[in-house]
Amino acid sequence: MTAPHHAAGVRPVIGVDAGTATLREADHLIHELLDRPALSEDVFACTHLHRGDERRGTAVSLAVPDPDTAWRELRAALPEGAGLVLGELTHGPDAAVDSARRAAAAPPASGRAVVYPGVRHLTGTVTAGTVLDRTAVERLVVLGAPAAELPRDAPILTQDHVRPEWREGVLTLVLVPAAGGLLAPFEVPNPTPCCADHI
């Protein structure tokens, strides 16, 4: 894409803490919310880990084109006890509102992007050039070789699960070497919990 797509500063960002504990639960929440009409188009959605004295888990930020409609939809859709923040507007218990506020303020300094411009192009195996040209991802980094310049035709096995991270205002995808000379995103889909095979 020709211009960066910063979640903050371009669109209003709504912070949500619906009590999701894990990244997987937060991803599921995002996709459930995106089924609603006000949130289905052109939303930039990220996850944010949080730990506080009263609450820990994974909150969500949603950069939306129509914040007023999205706010109404979210209030109707989310369970009791969820926290919502949009600028000075808040809804929910204090602890949930606090983590939702931190999530809303996080991008583009930090956050893990789940839904972002161009993500639908990242299925199967794509090239590094496709990732940079057709999505909001601005930088590709190979784990263990952060200064290495990737050729544009470097093949990336997406596994249909590409979660770049905000790093100092730049949406960055971390890659690792994979079988057959391919690269793959560092985060794998549905990782197996440690020791699952030992029970």
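Side chains are part of it too, since the values below use all heavy atoms of this structure and drop only hydrogens, waters and symmetry mates.
From D94, atom CG reaches atom CZ of R101 across 9.0 Å, with rounding to the nearest 0.5 Å. Residue S110 holds its OG atom at 11.5 Å from CZ of R167, rounded to the nearest 0.5 Å. Atoms CG and CG, from L183 and L140 in turn, are 9.0 Å apart once rounded to the nearest 0.5 Å. The CZ atom of F186 sits 11.0 Å away from the CG atom of L175 when rounded to the nearest 0.5 Å. In this structure, F44 CZ and W166 CH2 are separated by 4.5 Å, a value rounded to the nearest 0.5 Å. We find the CD1-OG1 distance between I156 and T125 to be 9.5 Å, quoted to the nearest 0.5 Å.
When all heavy atoms of I30 and A45 are compared, the closest pair comes out as CG2-CB, 3.7 Å. Closest approach of G181 and P155 over heavy atoms only: O-CG, 4.3 Å. Counting all heavy atoms, side chain and backbone alike, G83 lies closest to A96 at N-CB, 3.5 Å.
With T130 contributing its side chain and A128 its backbone, the two residues share no donor-acceptor pair below 3.5 Å. Without hydrogens or angle criteria, T58 side chain to A21 main chain gives a donor-acceptor distance under 3.5 Å.
Residues V137 and T172 fail the side-chain proximity criterion, which asks for heavy atoms closer than 4.5 Å. Residues T22 and T20 form no side-chain contact, since every pair of their non-hydrogen atoms from C-beta on lies 4.5 Å or further apart.
For R152, the salt bridge (Lys or Arg N to Asp or Glu O under 4.0 Å) test picks out D133, with sequence neighbours left out. Applying the side chain to side chain contact (heavy atoms under 4.5 Å, CB included) test to D160 and every residue at least two apart in sequence or in another chain returns T123, T158. For D27, the side chain to side chain contact (heavy atoms under 4.5 Å, CB included) partners two or more places apart in sequence, or in a different chain, are T47, R112, V114, H161, R163.
Between D42 and R11 a salt bridge is recorded (basic side-chain N to carboxylate O distance below 4.0 Å).
Paired with V64 under the rule side chain to side chain contact (heavy atoms under 4.5 Å, CB included), one option of V43, L74, L86, V13 passes, and it is V43. Partner of T135 under the side chain to side chain contact (heavy atoms under 4.5 Å, CB included) criterion, out of L173, L122, L171: L122 alone.
Around the NE2 atom of H31, the shell of radius 6.0 Å holds more than 12 heavy atoms that belong to other residues, nucleotides or ligands.
In this structure, a donor-acceptor pair under 3.5 Å is present between the side chains of H48 and S61.
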